Amino acid sequence: MGDFKLTTVEEFEAATERLLETGKKVGADAWQYRVANQTPHCKFGEQGICCRICSMGPCRITPKAPRGICGCDAHGIVGRNFLKFTAGGAATHSDHGREICHTLHNAKAEGPYTVKDPEKLTRIAHEWGVETEGKDIYALAHEMSELALMEYGKPFGYQNWLKRAPEHTQELWQKAEVAPRAIDREVATSLHMTHMGCSSLPEALVRQSIRAGLCDGWGGSMCGTEFSDVLFGTPKPIDTEANLGVMNAENVNIVVHGHDPSLSEMICEYADDPEMIAYAKEMGAKGITISGVCCTSNEVAMRRGIPMAGNFLQQENVVLTGACEAIVVDVQCIFPALGPLSKCFHTKFITTSPIAQMPDSDYIRFDSSNAAENAKAIVKTAIENFKNRKPDLVYIPDMKQKATVGYSVEAIVKTLDGVTNSQVDVTGTTKPLIECITSGVIRGAVAMVGCNNPKIRPDHAHIELMKKLIANDIIIVASGCSAQAAAKAGLMDKEARSLCGAGLKRVCELADIPPVLHMGSCVDISRMMILVSELAKDSGLNISQLPVVGCAPEWMSEKAVSIGNYVVGTGIDTFLGVDPYVAGSDQMAQWLTSGVRDWVEAAYTVETDIEKLVDKMIERIEEKRTAIGI
Ligand code: MSK
């Protein structure tokens, strides 16, 4: 315990500097240089007041030109841009979910894709009113995947998963007309609304933004998470490691990057194959190390304990180590820069999805019908590339931390069963966690999510916020690149409990958990929606009354805006460290930071000063405690 020490952001930065030196030797570009080329950013774009949705423009709003050629004002332009951003994110997450449903449809007893959690599949089937008695599990998998795929295009009704929310929340959604219908419909309707000559009323655009977000979090993302668990297993606590030091200079290093676990699960499977390990030895390596970047990494870390090499802004660093034989990507958050960068080294940049095709990559198209042979081919390609390494370019920073990950809702409930003083049986519920919160041992919880963004010193906001929150007895659930920032720093090591306030420290000791719980990838924020719903039902409170807030201090993607909209839409106040391009419209800012509260009992706070951001979150949690008298 005494030796525990967090890795600092300064240490991360020193390691990156050293890697950039290697890059300079081979003429490599890097995001740090491109940021310098791209700043200062366009002020019109930053404020959301540039419109290019028809070819009369582009129109830009200034005091002298307050309306575009069609007459749309700044509020309409900002609103349409915000809704388009949301639709992009909702489409992306939901299409990932759709791919998982197709993979489930291809699952067979003989593999390569099998049902690893039949109990969960049966539970969901009962929830959806599907008869399971006497049914073969694969027949059920096919039936459920077809039903799930229908959620994308159902002509009538709302998302099936909405019934998981407390009744009060469902009523709010109906009343505010934000209950999401078919997933694809909400995306299409959003794009229809933002077409030239449709909506320019901020209220209407914000309302649809919330609904499109909800079709992601309570639709497509939930399909992605739940059916990934069915296919690959529901995560439970597992030990792993994080940061670039997980790469091994003596081994063939394969880095998986992106979001869809269908690919990475297969790669992990074949990298473990004795035949492949023997082949790697034949080629002069000692073995094979798989590690991950971004949310693919979160997926395989949560289920297999595969180490996490880094998060979003660290993706180039894995190539800069000179020790990466292959970076294998599926979809989302992949820098096209990896193509030219990999050409400066021996690294194979392998793209696998028709959705994410990039120049300077080797494209090995991957789908569930050829998964086994192509995963094997990819692993073999990496092994055969080991001999092409240039030893004088190899430098892996000696930097990694231990982490315990894998806190699905099921795992959290099970793990916290042990911390209750209750005289009645509360096992299998969230009541032990509620007791910790109502007694004040834990003051509340923060859902920390989202990316890195060069506008914010990378990882600094995530880590500093988390340190202050846990010191104030606020437990953290984290996902996406925020979770990886925590893991790299050491905040997912159980010994990080020494940094907590006395109450949270005691809970971490009793439950044997770290103070920051890894809940998965960005799609898995749907897990957090289920957790708050269970907390609300078990406590008799509304979600908006719980001392829980959401935070994305370094967000950058369209997906993050969609997430923000469904987190707010679920009744959770959400704090952003980067403005979502709405500064150009006071009306839009007013709707998002206050107006939406009348519909869903929560709203956004945007605060780019990280110190102030954390104080506002703590203040909000304490206000909520006071309001319910705890
Ligand atoms: S990977 S969306 S940078 S969290 Fe999910 Fe990270 Fe953000 Fe991509």
Side-chain angles (χ1 to χ4, degrees), residues 1-23 30-32 35 240-247 291 293-294 297 301 307-318 320-321 395-405 446 448-472 474 476 478 480-501 504-505 508 514-518 551-555 577-578 608-615 617:
M1 178 78 78
D3 293 341
F4 176 71
K5 185 184 156 298
L6 290 181
T7 307
T8 64
V9 172
E10 287 74 17
E11 287 169 306
F12 296 173
E13 288 167 347
T16 298
E17 276 309 313
R18 172 70 178 75
L19 290 168
L20 290 174
E21 288 303 315
T22 310
W31 66 259
Q32 290 84 349
V35 167
T240 186
E241 292 177 324
N243 218 338
L244 289 169
V246 303
M247 294 175 73
S291 59
V293 170
C294 280
S297 174
M308 300 179 275
N311 46 357
F312 180 61
L313 283 180
Q314 216 162 318
Q315 58 185 287
E316 291 176 330
N317 286 14
V318 297
L320 287 166
T321 62
Y395 169 72
I396 300 174
D398 181 19
M399 189 182 281
K400 62 181 176 184
Q401 285 279 9
K402 288 193 283 181
T404 304
V405 301
V446 174
M448 289 284 298
V449 305
C451 329
N452 299 126
N453 186 327
K455 287 181 178 164
I456 308 272
R457 187 179 177 191
D459 295 332
H460 183 256
H462 289 299
I463 294 166
E464 291 309 310
L465 291 178
M466 289 187 204
K467 278 163 56 184
K468 185 149 181 185
L469 291 168
I470 63 173
N472 279 277
I474 293 168
I476 293 168
C481 292
S482 182
Q484 290 171 325
K488 289 191 305 177
L491 288 163
M492 287 180 175
D493 185 329
K494 289 177 184 169
E495 295 198 11
R497 66 182 66 140
S498 59
L499 306 171
C500 300
L504 179 56
K505 187 173 174 204
C508 290
V516 180
L517 300 178
H518 191 307
C551 178
E554 303 184 23
W555 74 272
V578 179
T608 52
D609 180 323
I610 294 309
E611 265 301 310
K612 287 187 188 154
L613 186 70
V614 66
D615 289 342
M617 283 196 280

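Treat the numbers as computed from the prediction; the structure is a model and nothing was measured. Below, all heavy atoms of this structure are taken into account, side chains as well, without hydrogens, waters or symmetry copies.
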Does Arg497 use its side chain to pair, donor to acceptor, with the backbone of Lys494 at less than 3.5 Å? yes

Is there a side-chain contact between Gln32 and Thr16, using heavy atoms and a 4.5 Å cut-off? yes

Side-chain contact test, heavy atoms from C-beta onward, threshold under 4.5 Å: evaluate it for Val293 versus Asn311 and give yes or no. no

CG-CG distance between Asn472 and Leu504, expressed to the nearest 0.5 angstrom: 10.5 Å

For the residue pair Met399 and Asn243, what are the closest heavy atoms and their distance? O-CB, 3.2 Å

Do the non-hydrogen side-chain atoms of Leu613 and Pro553 ever get within less than 4.5 Å of each other? yes

Between the SG atom in Cys451 and the CG atom in Leu313, the distance rounded to the nearest 0.5 Å is 9.0 Å

Looking only at heavy atoms, which two atoms of Met466 and Ala486 are closest? And how far apart? SD-CB, 3.5 Å

Within a reach of under 6.0 Å around CG of Asp398, are more than 12 heavy atoms found that belong to other residues, nucleotides or ligands? no

Pair Glu464-Lys467, salt bridge (Lys or Arg N to Asp or Glu O under 4.0 Å): steps then yes or no: CA-CA 5 Å; Glu464 291 309 310; Lys467 278 163 56 184; 3.1 Å; yes

Residues in ring-ring contact (aromatic ring centres under 6.0 Å, His included) contact with Phe12, at least two apart in sequence or another chain: none

Rounded to the nearest 0.5 Å, how far does OG1 of Thr321 lie from OH of Tyr395? 11.0 Å

Could you grab the distance from atom CE of Met448 to atom CG of Leu517, nearest 0.5 Å is fine? 13.5 Å

Any non-hydrogen side-chain atom of Ile463 less than 4.5 Å from a side-chain atom of Val9? yes

Could you give the distance from CG (Asn452) to CD (Gln315), rounded to the nearest 0.5 Å? 9.5 Å

Check whether any side-chain N or O of Asp493 sits under 3.5 Å from a backbone N or O of Ala496 as a donor-acceptor pair, and report yes or no. no

Where do Val318 and Met247 land on the side-chain contact (heavy atoms from CB on, under 4.5 Å) test, with the steps shown first? CA-CA 8 Å; Val318 297; Met247 294 175 73; 4.2 Å; yes

Any side-chain heavy atom of Pro397 sitting closer than 4.5 Å to one from Leu19? yes

Under the 3.5 angstrom rule, does the side chain of Trp555 hit a backbone N or O of Val578 as a donor-acceptor pair? yes

Can Ile396 and Val246 be said to form a side-chain contact (heavy atoms from CB on, under 4.5 Å), step by step? CA-CA 9 Å; Ile396 300 174; Val246 303; over 6 Å; no

Charged N to carboxylate O under 4.0 angstrom, Glu241 versus Lys402? no

Considering non-hydrogen atoms only, spot the tightest contact between Gln401 and Lys5 and give its length. NE2-O, 2.9 Å

Indicate yes or no: at least one non-hydrogen side-chain atom of Lys400 is less than 4.5 angstrom from one of Leu244. no

Looking only at non-hydrogen atoms, find the nearest pair between Asp459 and Ala485 and report the distance. OD1-CB, 3.4 Å

Does a side-chain heavy-atom distance below 4.5 Å link Leu6 with Leu499? yes

Please name the pair of heavy atoms, one in Ala309 and one in Ser291, separated by the smallest distance, quoted to 0.1 Å. CB-OG, 3.7 Å

Passes side-chain hydrogen bond (donor to acceptor under 3.5 Å, both in side chains), Glu554 versus Asn453? Steps please. CA-CA 5 Å; Glu554 303 184 23; Asn453 186 327; over 6 Å; no

I'd like to check Met492 versus Thr404 (side-chain heavy atoms, cut-off strictly below 4.5 Å). Are they in contact? no

Applying side chain to side chain contact (heavy atoms under 4.5 Å, CB included), can you list everything that pairs with Ser297, at least two apart in sequence or on another chain? Met308, Gln484

To the nearest 0.5 angstrom, please state how far the CE atom of Met617 sits from the SG atom of Cys551. 3.5 Å

Check whether the side chains of Thr8 and Glu11 place a donor and an acceptor atom closer than 3.5 Å, and report yes or no. yes

Given Val446 and Leu465, is the side-chain contact (heavy atoms from CB on, under 4.5 Å) satisfied, shown in steps? CA-CA 10 Å; Val446 174; Leu465 291 178; over 6 Å; no

Give the minimum heavy-atom separation between Pro458 and Trp31, together with the two atoms involved. CG-CH2, 3.8 Å

